[in-house]
Amino acid sequence: MKKYFIQKSPFIVPTTDGKLIEEHHGLATTKNSEISIAHMIAPPGWSEPFQTPEFDEYTYIIKGKKQFIIDDEVVILEEGQSIKIDRNTRVQYSNPFDEPCEYIAICSPAFSMEMVNREY
């Protein structure tokens, strides 16, 4: 038995806001509850509601810029930068810029709708 797994068919998460979410590892693809790894592209003007996730989230920006509002502080990441946001931190993610933002998101434990605690 091989001691590795190459993901060739990430799960494309259905969205209604134009954002591309490709989960490579996590609950939806590999049933891994410890970590999730997703490739994402957020279109210009995209935003999510505030949330207080029960997981740590790491974000690495491949192209473009992404805005974070973390406990009322605005943080803007650019290409080549990364951030770790501790679990149980109130945060809002958005792309208020003119270009798409491509990035990798890693959540530990894995992302789940039950643990994201979005404010609707």
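When reading the values below, keep in mind they use all heavy atoms of this one structure, side chains included, and skip hydrogens, waters and symmetry mates.
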Looking at Ser94 and Ser47, what are the two nearest heavy atoms and their distance?
CB-CB, 3.6 Å

Measuring from Cys107:SG to His25:NE2, what's the distance to the nearest 0.5 Å?
14.0 Å

Check the hydrophobic clustering (I, L, V, M, F, W, Y; side-chain heavy atoms under 4.5 Å; chains of links allowed) and say if Met40 and Phe11 are grouped together.
yes

Ignoring hydrogens and angles, tell me if any N or O in the side chain of Glu23 forms a donor-acceptor pair with the backbone of Thr29 under 3.5 Å.
yes

Look at the side-chain heavy atoms of Ile, Leu, Val, Met, Phe, Trp and Tyr, link any pair under 4.5 Å apart, and say whether Ile35 and Phe5 land in one connected group.
no

Just wondering, more than 12 heavy atoms not from Asp71 lying within 6.0 Å of its CG?
yes

Decide yes or no for Arg118 and Met113: does some side-chain heavy atom of the first lie under 4.5 Å from some side-chain heavy atom of the second?
yes

How long is the straight-line distance from CD of Glu34 back to CG of Leu27, given to the nearest 0.5 Å?
10.5 Å

Tyr60 vs Leu77, side chain to side chain contact (heavy atoms under 4.5 Å, CB included): CA-CA, chis, key distance, verdict
CA-CA 9 Å; Tyr60 172 75; Leu77 256 61; over 6 Å; no

Treating Ile, Leu, Val, Met, Phe, Trp and Tyr as nodes and any side-chain heavy-atom pair under 4.5 angstrom as an edge, say whether Ile76 and Ile69 lie in one connected cluster.
yes

For residues 107-117, which residue pairs qualify under side-chain hydrogen bond (donor to acceptor under 3.5 Å, both in side chains), counting only residues two or more places apart or in two chains?
Glu54-Asn117

Does atom CD (Glu73) have a neighbourhood of more than 12 heavy atoms from anything else shown, all under 6.0 Å?
no

Can you tell if the side chain of Pro109 reaches within under 4.5 Å of the side chain of Met115, non-hydrogen atoms only?
yes

Note, Ile61 side chain near Glu78 side chain (heavy atom, < 4.5 Å):
no

Under 4.5 Å between side-chain heavy atoms, hopping through other hydrophobics if needed: is there a path connecting Ile37 to Val13?
no

Going by the rule side chain to side chain contact (heavy atoms under 4.5 Å, CB included), which residues pair with Asp17 if we only count those two or more places apart in sequence or in a different chain?
Thr15, Lys19, Trp46

ILVMFWY network linking Ile21 to Tyr93, side-chain heavy atoms under 4.5 angstrom:
yes

Report the C-alpha separation of Thr89 and Glu57 in whole Å, then their side-chain angles, then the decisive distance to 0.1 Å, and conclude whether the side chain to side chain contact (heavy atoms under 4.5 Å, CB included) test is met.
CA-CA 10 Å; Thr89 300; Glu57 185 159 357; over 6 Å; no

Mind checking the CD1-CD1 spacing from Ile85 to Ile70? Nearest 0.5 Å is all I need.
4.0 Å

To the nearest 0.5 Å, tell me how far Tyr103 OH sits from Ile41 CD1.
10.0 Å

Quick one, Glu79 with Glu102, criterion side chain to side chain contact (heavy atoms under 4.5 Å, CB included). Give me CA distance, side-chain angles, the key distance, then yes/no.
CA-CA 9 Å; Glu79 182 175 323; Glu102 181 176 6; over 6 Å; no

Please indicate whether Tyr120 has more than 12 foreign heavy atoms, meaning atoms of other residues, nucleotides or ligands, lying under 6.0 Å from its OH.
yes

How long is the gap from NE2 on His39 to CD1 on Ile12, to the nearest 0.5 Å?
9.5 Å

Can a donor-acceptor pair be found, under 3.5 Å and without considering hydrogens, that links the side chain of Asn95 to the backbone of Glu99?
yes

